[in-house]
Amino acid sequence: MTERCIRVALAGVGSCASSFVQAVVLSRSAEQDMPGLMHHRIGGYRLGDVEFVAAFDVDHRKVGIDLAEAIDTAPTVAVRHVAVPPMGLKVGAGPLLDGVEGKLSKIVEPHPDCGSVTASMVTAALRDAEADVLVCFLPTGARAAVQMYARACAEAGAAFVNATPEPVANCPELAALFLERGVPLLGDDLRSHLGATTLHTALIELLGSRGVRIADTYQLNVGGNMDFYNLSDPARSHSKQLSKRRALASTGLDATDVAAGPNGYVKYLGDRKVCFLRIEAEGMLGSPLSMEIRLEVEDSPNAAAVVANAVRVARSAADQRLSGVVDPVCAFLFKSPPLGMPESEALRCFQTFVEKSAAPAPAALAHTT
Ligand SMILES: NC(=O)c1ccc[n+]([C@@H]2O[C@H](COP(=O)([O-])OP(=O)(O)OC[C@H]3O[C@@H](n4cnc5c(N)ncnc54)[C@H](O)[C@@H]3O)[C@@H](O)[C@H]2O)c1
């Protein structure tokens, strides 16, 4: 462990966690800047300063094994780009709650220990591990479980990064709890680094800046990872639909009826995600303009690039004694921040935060007891 490390805990060891762990391992040996990494340092921290100190899951195939092995264990489909050596950290059982309800329950058999783990045991584990930040990679729709990890973090003094669309930064009670406990909170719902939402909102902003009027638009997404499998269950996808519409509405567009969402699970795509995006608009004299774009990305590394920013921002916010929702960065990093902004403004606020936090970071954080 280095003096300037960021002690990171993971809740949910699926595809996004796999790509993030690989990115951290790669950054420790990468001599040149990695593609997709926006900043070599944030708050004085390199990505390679991340140390994994705790990991929770519920899947009987992942609990009890080393994190390096768990990130490669089915049903995770993230592509292995980097060899990850044993990390000396075993995945622990988390409380199940609503973690694998619906279709997920057909393919994830919970580990028997999950039934006896309580929220206060998670808090104690985070304190014992002296976690600075927890990244919540739980399945969409698992609201009770996501909010349980958030409360455990606030109690343990660990900053919370909510990759899911379940409300945490958007839950007034939880936002107030983080503020009261002096702990940073980042969320909700990761905005993939260069994904459908980022491209869509940037194009809407471009058209708007030219006075071109958007008449209609859609954004249809298919993919073959567990996130898409889970989202193909209508009972689990509601928060994701709302989150995508909120992101589009932050551009000033009336997104109430816009079709924008997860639109199907196509198993053979694995971790590839395909977005079909169409915009119909009116220019001068009502002249028609339309565009149709097909964007194909590898889904999980696209999330890892954002988390590479988010964990360093979270630790830097803690160094600066910021608490509650860190608004100046959330609009850039998340689809559903409490304070939404157009793409260019969100980028400007994020870059300003990073520039201001460039001073060397203190060696250690005080953890709540
Ligand atoms: N892939 C992306 O680019 C992207 C972008 C934005 C948001 N997200 C969100 O990130 C989250 C994670 O995505 P993923 O692709 O890694 O999903 P995943 O299904 O691959 O992983 C989820 C993991 O959580 C575990 N889990 C379920 N209940 C749990 C509990 N109670 N405690 C601990 N672990 C539990 C599962 O066993 C699984 O290992 C999803 O909510 C997704 O919508 C992903």
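Bear in mind that the values here come from a model prediction, so they are computed numbers and not experimental data. Indexing begins at 1, ligand by ligand and atom by atom, following the structure's order.
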Verdict with reasoning, Phe276 to Glu292, per side chain to side chain contact (heavy atoms under 4.5 Å, CB included): CA-CA 7 Å; Phe276 303 92; Glu292 213 149 288; over 6 Å; no

Phe52 and Phe20 aromatic ring geometry - parallel, tilted or perpendicular at 30°/60° bounds: perpendicular

Gap between atom CD1 of Ile293 and atom CZ of Arg278 - 0.5 Å precision: 11.0 Å

Under 3.5 Å: donor-acceptor pair, side chain of Ser357, backbone of Phe353: yes

Identity and distance of the protein heavy atom lying nearest atom 24 (O) of ligand 1: Gly12 CA, 3.4 Å

Atom indices of ligand 1 within 4.0 angstrom of Cys16 heavy atoms, with elements: 1 (N), 2 (C), 13 (O), 14 (P), 15 (O), 16 (O), 44 (C)

N or O pair under 3.5 Å between Tyr149 and ligand 1: yes

Glu166 touching ligand 1 at heavy-atom level, < 4.0 angstrom: no

Between Glu205 and Thr201: side-chain donor-acceptor atoms closer than 3.5 Å: no

Identity and distance of the protein heavy atom lying nearest atom 20 (O) of ligand 1: Ser15 N, 3.0 Å

Identity and distance of the protein heavy atom lying nearest atom 11 (C) of ligand 1: Leu138 O, 3.3 Å

Atom indices of ligand 1 within 4.0 angstrom of Thr164 heavy atoms, with elements: 41 (O)

Under 3.5 Å: N/O of Asp227 near N/O of ligand 1: yes

Atoms of ligand 1, numbered as shown, that sit under 4.0 Å from any heavy atom of Met226: 19 (O), 20 (O)

Lys267 to Tyr229, cation-pi by 6.0 Å centre distance and 45° axis angle: no

Pro95 N/O to ligand 1 N/O under 3.5 Å: yes

Side-chain ion pair, Arg272 and Asp299, N-O less than 4.0 Å: no

Closest protein heavy atom to atom 30 (C) of ligand 1, given as residue, atom name and distance to 0.1 Å: Val58 CG1, 3.4 Å

Atoms in ligand 1 flagged as close to Lys62, the criterion being non-hydrogen separation under 4.0 Å: 38 (C), 39 (O)

N/O separation below 3.5 Å, Ser192 to ligand 1: yes

salt_bridge(Arg181, Glu155) N-O dist < 4.0 Å: yes

Location of contacts on Lys240 toward ligand 1, heavy atoms closer than 4.0 Å: side chain

Ion pair Arg80/Asp72, N-O distance below 4.0 Å: yes

Protein heavy-atom partner closest to atom 37 (O) of ligand 1 - residue, atom, separation in Å: Asp57 OD1, 2.6 Å

Nearest-0.5 Å distance, CG of residue Leu339 to CG of residue Asp327: 5.0 Å

Proximity of Leu97 to ligand 1 by residue part, where a heavy atom lies under 4.0 Å: neither

Side chain, backbone, both or neither: Val13 near ligand 1, heavy atoms under 4.0 Å: backbone

Close-contact set for ligand 1 against Leu96 heavy atoms, below 4.0 Å: 31 (N)

Ring centres under 6.0 angstrom apart (Phe137, Phe56): no

Proximity of Ala145 to ligand 1 by residue part, where a heavy atom lies under 4.0 Å: side chain

Shortest protein contact, atom 12 (C) of ligand 1 (heavy atom only): Phe137 O, 3.3 Å

Element-labelled atoms of ligand 1 that are located less than 4.0 Å from some non-hydrogen atom of Lys335: 6 (C)

N/O donor-acceptor pair under 3.5 Å between Glu280 side chain and Ser290 backbone: no

For atom 9 (C) of ligand 1, the option (of Gly141, Ala163, Ala93) bearing the nearest heavy atom: Ala163

Main-chain N/O of Pro165 paired with Asp188 side-chain donor or acceptor, under 3.5 Å: no

Short side-chain donor-acceptor distance under 3.5 Å, His39 and Glu355: no

Ring pair (Phe, Tyr, Trp, His ring centres under 6.0 Å) evaluation trace for Tyr265 with Phe228: CA-CA 5 Å; Tyr265 171 64; Phe228 274 91; 8.1 Å; no

Contact (N/O only, under 3.5 Å) between Asp189 and ligand 1: no

Ligand 1 contact by Asn302, heavy-atom criterion under 4.0 angstrom: no

Residue part near ligand 1, for Ala142, under 4.0 Å between non-hydrogen atoms: neither

Check: Asp299 N/O within less than 3.5 Å of ligand 1 N/O: yes

Carboxylate-amine/guanidinium proximity below 4.0 Å for Arg315 and Asp132: yes

Whether Lys273 side chain and Glu296 backbone form a donor-acceptor pair below 3.5 Å: no

4.0 Å heavy-atom contact, Asn225 with ligand 1: no

Sub-3.5 Å N/O-N/O distance, Pro165 and ligand 1: no

Polar contact flag for Val100 and ligand 1 (N/O pairs, less than 3.5 Å): no

Side-chain ion pair, Arg191 and Glu343, N-O less than 4.0 Å: yes

Heavy atom of the protein closest to atom 28 (N) of ligand 1 (residue, atom name, distance): Gly99 CA, 3.2 Å

Heavy atom of the protein closest to atom 6 (C) of ligand 1 (residue, atom name, distance): Leu190 O, 3.1 Å

